[in-house]
K.L.:
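My questions all concern the structure below.
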Amino acid sequence: MKRVVITGVGMHSPMGSDPGEVFDAILRGEHGIRRMPEWSEIDELKTCVGAVIPDFSARHIPRKTRRTMGRVALLAVSAAERAAQGAGLDEELLRSQRTAVIVGSTAGSASAERDFWEQVLKKTRRGIRSTLFFQGMAHTCATNVALHLGVVGEVFATNSACSSANQAIGLAADRIRMGRADVVLAGGAEEVHVSAPIIFDALGAATRTVDPDHTPRLFQADRDGIVVGEGAGIVVLESLEHAKARGANILGEILGFGTACDAMHMARAAPQGMVTAIQRCLEDAGVSADEVDHINAHATGTQGGDAAESEALHTVFGDRPSVVSLKGHLGHTLGACGALELILSLESMRRGVVPSTRGLVEPGPSIAPIRLLTEPREERVQRVLKSNFAF
């Protein structure tokens, strides 16, 4: 099958939109977690911190085009623009039947959904614009990226919550390897809306720590849950031969992809399902566990999730590769996290530096003995496993 390479990246995150600058800030121990005082107005909601993008603007996108985009699609489209520009994709290539889009999110724009239902509950059609549907539909990111960039090839949406971006990138690699596309823009996006922390709080999975400097506490014994964030990450994937033929700059290679369902519980993490996904990825890549240098983990700061993931990683890799989670810096960006964390993993590979997990002092007793870093360190990183897991 064809080899698949990465030739462009685009991102928006609570810590910025330039991968190099964000990575520098992560190495300095900075973060994008903030107090969300407006959430305190929600009765019985016990979480009040989030990771939002403070200065995002999409005014460069024509108003006529923006009408079908809620915030989540605007983030995705803007990140896709950056990725396409970085990869040097011209209009002719974007409009080729051999160029595709696969972009996911947890759902459409929650703000658009709110506006729609506010009017419906008033028992009136007045104020319900047709564009609210396009903003709120589940595949709004994929379709708006395709429409804005003029992509007429295959378009898919991977709406699988926290694994949306990872699945988009894996499926995009498969399309190229199978010869169904030459170029795919793939990734995910998410917008912060109070509905997300309400859901996680109802599940007992949202942090109740009020100080942004002390949450989330990934892998720590006293970790108390997720900090919800927003962002978008898009990567341009190409077949190696196609990238070489047009003289593209190659940033990395996708060696393999694996996914699985443990079919045990809707929300409770199960290590065996994680192990199966990881083993399928290694088998697909033709890589042994001993050949993986670094793992960028999903780890969100929940008691059950972090413990289950550490057990799965230890089962497959033991304590050899370094392990880090970036959600202490970025928050849990849900549908965007796989792509954002992949883009920053490319920085680790390029620089030979592995960041630490923010705030980690000593892993809790339920955490399996994997090699978690409490300080950044220089490492020669050639093969990275990027894991993400979802309900």
Side-chain angles (χ1 to χ4, degrees), residues 4 6 8-15 17 19 22 51 53 71-84 86 100-109 138-146 155-176 184-192 196 226 228-237 251-252 254 256-260 274 277 281 295-300 309 325-327 329-347 384-391:
V4 180
I6 304 169
V9 300
M11 67 180 288
H12 291 294
S13 83
M15 295 181 67
S17 301
V22 172
I53 300 173
R71 184 174 176 85
V72 65
L74 289 168
L75 287 166
V77 167
S78 183
E81 286 180 328
R82 289 169 173 263
V101 168
I102 307 180
V103 180
S105 59
T106 299
S109 171
H139 58 306
T140 185
C141 293
T143 53
N144 275 297
V145 167
V155 178
F156 297 107
T158 50
N159 303 110
S160 56
C162 313
S163 62
S164 297
N166 238 16
Q167 287 202 332
I169 294 166
L171 293 172
D174 280 350
R175 303 309 287 175
I176 294 171
V184 186
L185 291 98
E190 202 73 43
E191 69 177 62
V192 163
I226 291 168
V228 176
E230 67 178 356
I234 304 291
V235 296
V236 175
L237 304 187
L251 306 176
I254 304 293
F257 166 60
T259 187
M274 299 176 177
C281 179
I295 298 166
N296 189 291
H298 183 62
T300 64
E309 185 173 6
S325 173
L326 299 180
K327 291 182 177 65
H329 301 274
L330 300 172
H332 188 358
T333 55
L334 306 177
C337 67
L340 287 175
E341 293 159 6
L342 170 62
I343 291 168
L344 294 169
S345 294
L346 290 173
E347 285 290 311
V384 175
L385 177 83
K386 176 73 211 90
S387 60
N388 287 110
F389 305 105
F391 294 154

K.L.:
Rounded at 0.5 Å granularity, tell me how far CD1 in Ile169 sits from CD1 in Ile343.
P.N.:
7.5 Å
K.L.:
Please check if the side chain of Ser164 supplies one atom and the backbone of Ala161 the other of a donor-acceptor pair under 3.5 Å.
P.N.:
yes
K.L.:
To the nearest 0.5 angstrom, please state how far the CG atom of Leu326 sits from the OG atom of Ser345.
P.N.:
6.5 Å
K.L.:
Side chain of Glu190, backbone of Thr106: donor and acceptor closer than 3.5 Å?
P.N.:
yes
K.L.:
Quick one: CD1 on Ile102 to CD1 on Ile234, what's the gap to the nearest 0.5 Å?
P.N.:
11.0 Å
K.L.:
For Val22 and Ser13, run side chain to side chain contact (heavy atoms under 4.5 Å, CB included): C-alpha distance rounded to whole Å, both residues' side-chain angles, the deciding distance at 0.1 Å, then the answer.
P.N.:
CA-CA 8 Å; Val22 172; Ser13 83; 4.1 Å; yes
K.L.:
What is the distance from atom CG of Leu185 to atom CD of Glu81, rounded to the nearest 0.5 Å?
P.N.:
11.0 Å
K.L.:
Between Asn159 (side chain) and Ser105 (backbone), is there a donor-acceptor pair under 3.5 Å?
P.N.:
yes
K.L.:
Walk me through it: do His298 and Met274 pass the test side chain to side chain contact (heavy atoms under 4.5 Å, CB included)?
P.N.:
CA-CA 11 Å; His298 183 62; Met274 299 176 177; over 6 Å; no
K.L.:
Thr158: what forms a side-chain hydrogen bond (donor to acceptor under 3.5 Å, both in side chains) with it, not counting sequence neighbours?
P.N.:
none
K.L.:
Just how far is it from atom CG of Leu330 to atom CD of Glu230, taken to the nearest 0.5 Å?
P.N.:
12.0 Å
K.L.:
Give the minimum heavy-atom separation between Gly256 and Cys281, together with the two atoms involved.
P.N.:
O-SG, 3.7 Å
K.L.:
Between the main-chain N or O of Ala299 and the side-chain N or O of Glu309, is there a donor-acceptor pair closer than 3.5 Å?
P.N.:
yes
K.L.:
Taking C-beta and beyond as the side chain, do Thr140 and Ser109 meet within less than 4.5 Å on heavy atoms?
P.N.:
no
K.L.:
When rounded to the nearest 0.5 angstrom, what distance separates CD1 in Ile53 from CZ in Arg71?
P.N.:
5.5 Å
K.L.:
If every non-hydrogen atom of Ala168 is compared with every non-hydrogen atom of Gly104, which pair is closest and at what distance?
P.N.:
CB-N, 4.5 Å
K.L.:
Could you give me the CA-CA distance, side-chain angles and deciding distance for Asn388 and Cys162, then say whether side chain to side chain contact (heavy atoms under 4.5 Å, CB included) is met?
P.N.:
CA-CA 7 Å; Asn388 287 110; Cys162 313; 5.8 Å; no
K.L.:
Got a donor-acceptor contact below 3.5 angstrom from the Lys386 side chain to the Asn296 backbone?
P.N.:
yes
K.L.:
Show the nearest heavy-atom pair for residues Ala73 and Asn144, with the distance to one decimal.
P.N.:
CB-ND2, 3.8 Å
K.L.:
For Ala172 and Val184, work out which heavy atoms get closest and say how close.
P.N.:
CB-CG1, 3.5 Å
K.L.:
Quick check on side-chain contact (heavy atoms from CB on, under 4.5 Å): which of Ile176, Asp174, Ile6 does Ile254 satisfy it with?
P.N.:
Ile6
K.L.:
Side chain to side chain contact (heavy atoms under 4.5 Å, CB included) between Phe156 and Leu171: does it pass, once the steps are laid out?
P.N.:
CA-CA 9 Å; Phe156 297 107; Leu171 293 172; over 6 Å; no
K.L.:
Identify the heavy atoms of Ala83 and Gly10 that sit nearest to each other, and give their distance.
P.N.:
CB-N, 3.6 Å
K.L.:
Looking only at heavy atoms, which two atoms of Ala142 and Val103 are closest? And how far apart?
P.N.:
CB-O, 3.7 Å
